[in-house]
Amino acid sequence: MSNMMRDSQIMAQTRDENLSYMSDMALELAEMAEDSGMATLAYLFRMAALEASTADAALVEPDDLPQQMTSH
């Protein structure tokens, strides 16, 4: 059981790092687009960054699952 929990923690950490990376990259691309005078593209990249950062927060909640599984 502890192996499963450790694996899911590692997967969650990797997922969080990936989402954080995507958010950072999208913001950098937004800045580059803005500097090039492409406001619409910059807006789209900012939306992508926001999406990645909110996905990160939304995925934190399912940590309740292991507790439900142990109660059976």
Side-chain angles (χ1 to χ4, degrees):
M1 187 65 184
S2 62
N3 274 352
M4 265 178 53
M5 288 175 74
R6 189 171 59 235
D7 289 350
S8 69
Q9 279 181 328
I10 291 169
M11 283 168 40
Q13 187 178 348
T14 303
R15 180 195 62 214
D16 293 346
E17 286 169 5
N18 287 343
L19 286 167
S20 178
Y21 175 76
M22 290 193 308
S23 182
D24 292 347
M25 285 306 297
L27 287 173
E28 279 187 43
L29 289 167
E31 280 182 36
M32 289 168 66
E34 227 163 46
D35 292 344
S36 305
M38 295 185 256
T40 306
L41 192 58
Y43 173 78
L44 291 174
F45 280 126
R46 288 193 196 288
M47 288 297 103
L50 182 63
E51 193 71 31
S53 64
T54 53
D56 194 14
L59 288 168
V60 172
E61 292 166 27
D63 287 347
D64 298 338
L65 271 174
Q67 292 160 1
Q68 289 171 356
M69 285 171 15
T70 54
S71 66
H72 290 288

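All values derive from a computational prediction rather than experimental measurement.
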**Asked** Say you draw a straight line from CE of M22 to OG of S53; how long is it, rounded to the nearest 0.5 Å?
**Response** 10.5 Å

**Message:** So, taking the atom named CG in L44 and the one named CD in E51, what distance separates them when rounded to the nearest 0.5 Å?
**Reply:** 12.5 Å

**Asked** Is the CE atom of M38 crowded by more than 12 outside heavy atoms at less than 6.0 Å?
**Response** yes

**Request:** Flag yes if L27 and L29 sit in one hydrophobic cluster, no otherwise; membership is Ile, Leu, Val, Met, Phe, Trp, Tyr, and two members link when side-chain heavy atoms are under 4.5 Å apart.
**Result:** no

**Complete:** Looking only at heavy atoms, the pair that brings A42 and E34 closest together is CB-N, 3.9 Å

**Fill in**
CD of E31 to CZ of F45, rounded to nearest 0.5 Å, is 12.5 Å

**Message:** To the closest 0.5 Å, what do you measure between CD (E28) and OG (S23)?
**Reply:** 10.5 Å

**Complete:** To the nearest 0.5 Å, atom CZ of R15 lies from atom CD of E17 at 11.0 Å

**Message:** Nearest 0.5 Å, please: how far is CD in Q9 from CG in D7?
**Reply:** 9.5 Å

**Prompt:** Would you say D24 and S20 make side-chain contact, with heavy atoms under 4.5 Å?
**Reply:** yes

